[in-house]
There are 2 protein chains.
Amino acid sequence: MEDYLEAIAKLGEGRRVVKVKQISQMLGVKMPSVTSALKKLSEQELVEHERYGHIKLTPEGDEVARDVIYRHEALARFFAQALGINQATAEEDACKIEHVISPLSMERLAKFVEFIEACPLGGANFPSRYEYYLEHGELPQDCSTRGLKKRK
Amino acid sequence: MEDYLEAIAKLGEGRRVVKVKQISQMLGVKMPSVTSALKKLSEQELVEHERYGHIKLTPEGDEVARDVIYRHEALARFFAQALGINQATAEEDACKIEHVISPLSMERLAKFVEFIEACPLGGANFPSRYEYYLEHGELPQDCSTRGLKKRK
DNA sequence: CAGAATTGTTAGACATGACTAACAATCGTA
DNA sequence: TACGATTGTTAGTCATGTCTAACAATTCTG
């Protein structure tokens, strides 16, 4: 179900009208699956949907969707940037894992990605620097300015 | 189903007799679920099982189980050691993710764990060293001996 | 070694989430 | 505006994998 919320949020960006068919294509399922998902999500007050009519996230649905998208993006970046996986595979894996990973691991993973993105050289002593970053929420001083940009 | 193979492999280590009840407890399901899983796995020739009798992996089942266990352990180590997650949560997450992650990401993740375990200080320039490790399958020379052991 | 306790199995129900086929509404265009 | 094409819905089926209740086999123990 989270996938449906995610798809609706993405398709609805910028006030665009969301169609059943688009959702079905984005998720690789048939239209009846979408209809029945919308029914369930309506019952849970996460989506507004009327027969043959508009499809829209409720505020609660939007909140859930943003959270899923956040998890998705952090995971995709981890696979793509930290592990060097191709974008397509990174997306697929993110899409699977976003639904099963624990909040704690998710949070740590997100921070890890932030770290390696902010500190591309890693510097000397990677794990302890990572610890530092985890504890203090910011990079050790000798890290942030010595990036990839060869600022000589 | 992979969880069942994994459980049977672990419970059967050292020629120990495997019981339905043990499996059910290890996986947190009721016994009938185990019985029906065993039936399916027997049909797939992954498990030998006769009514009220012994439970044993076939060679093919054992192979699958080892692969699952390998994935599980690499993931658990990643969460525990790289991300600093507690053991229990690391195990739970590993158990979920091991079934959905792509082979490519799994392989990279395993290598990543090997890398950070073998090269705990990370050295200067973590990502490029990681690239090097990926490409050559061995650590850059200036890495391996400068570990945690403070060998002064 | 017989009955009680435990372990294992069967049968059948239920939840999820997908599908196909058939029908209904809406849209686009002549 | 009406009719054909497209989109959406309903009804019903199927596959997974779980559960409970009832029954069967095995094991323990007096």
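Heavy atoms only: backbone and side chains are in, while hydrogens, waters and symmetry mates are out. Letters go in sequence order (proteins before strands), and every chain restarts at 1.
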Rounded to the nearest Å, what distance is computed from the [atom1] atom of residue [X] to the [atom2] atom of nucleotide [N]?
X	N	atom1	atom2	result
His54(A)	dT9(D)	NE2	P	12 Å
Lys39(B)	dA15(D)	NZ	C1'	14 Å
Ile23(A)	dG17(C)	CD1	C1'	16 Å
Lys40(A)	dT9(D)	NZ	P	15 Å
Leu38(A)	dT10(D)	CG	P	11 Å
Lys21(B)	dA5(C)	NZ	P	15 Å
Leu41(A)	dT16(C)	CG	C1'	13 Å
Glu50(B)	dG8(C)	CD	P	14 Å

Exercise. Across the strands shown, which category fits Ser36(A) at heavy-atom distances under 4.0 angstrom: base, sugar-phosphate, nothing?
Worked result: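 Nothing, no heavy atom under 4.0 Å.
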To the nearest 0.5 Å, what is the distance between [atom1] ([X]) and [atom2] ([Y])?
X	Y	atom1	atom2	answer
His49(B)	Ile8(B)	NE2	CD1	9.0 Å
Ile97(A)	His99(A)	CD1	NE2	10.5 Å
Leu5(A)	Asp67(A)	CG	CG	11.0 Å
Glu91(A)	Lys96(A)	CD	NZ	13.0 Å

Strictly below 4.0 Å: does [X] bring a side-chain N or O up to OP1 or OP2 of [N]?
X	N	value
Lys30(B)	dC19(D)	no
His49(B)	dT9(C)	yes
Ser33(B)	dC19(D)	yes

Exercise. Along nucleotides 22-27 of chain D, 5' to 3', which nucleotides get a B, which get an S, and which get a -, given that the test is a protein heavy-atom distance under 4.0 Å?
Worked result: --BSS-
Single-linkage hydrophobic cluster, 4.5 Å side-chain cutoff, [X] and [Y] together:
X	Y	result
Leu109(B)	Val68(B)	no
Met31(B)	Leu11(B)	yes
Leu75(A)	Tyr70(A)	no

Problem set entry | Nucleic acid contacts - residues 1-20 of chain A versus DNA chain D, non-hydrogen atoms under 4.0 Å |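 Here the set is Lys19(A), Val20(A).
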Problem set entry | Nearest-nucleotide pick for Met31(A), side chain only, options being dT16(D), dT9(C), dT7(D) |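 From the listed options, dT7(D) comes nearest.
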For this session: Would you mind listing every side chain to side chain donor-acceptor pair (under 3.5 Å) that reaches into residues 19-37 of chain B, with sequence neighbours excluded?
Result: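 Matches after skipping sequence neighbours: none remain.
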Exercise. So, are Lys56(B) and Glu50(B) salt-bridged, with charged N and O less than 4.0 Å apart?
Worked result: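 Answer for the salt bridge query: no.
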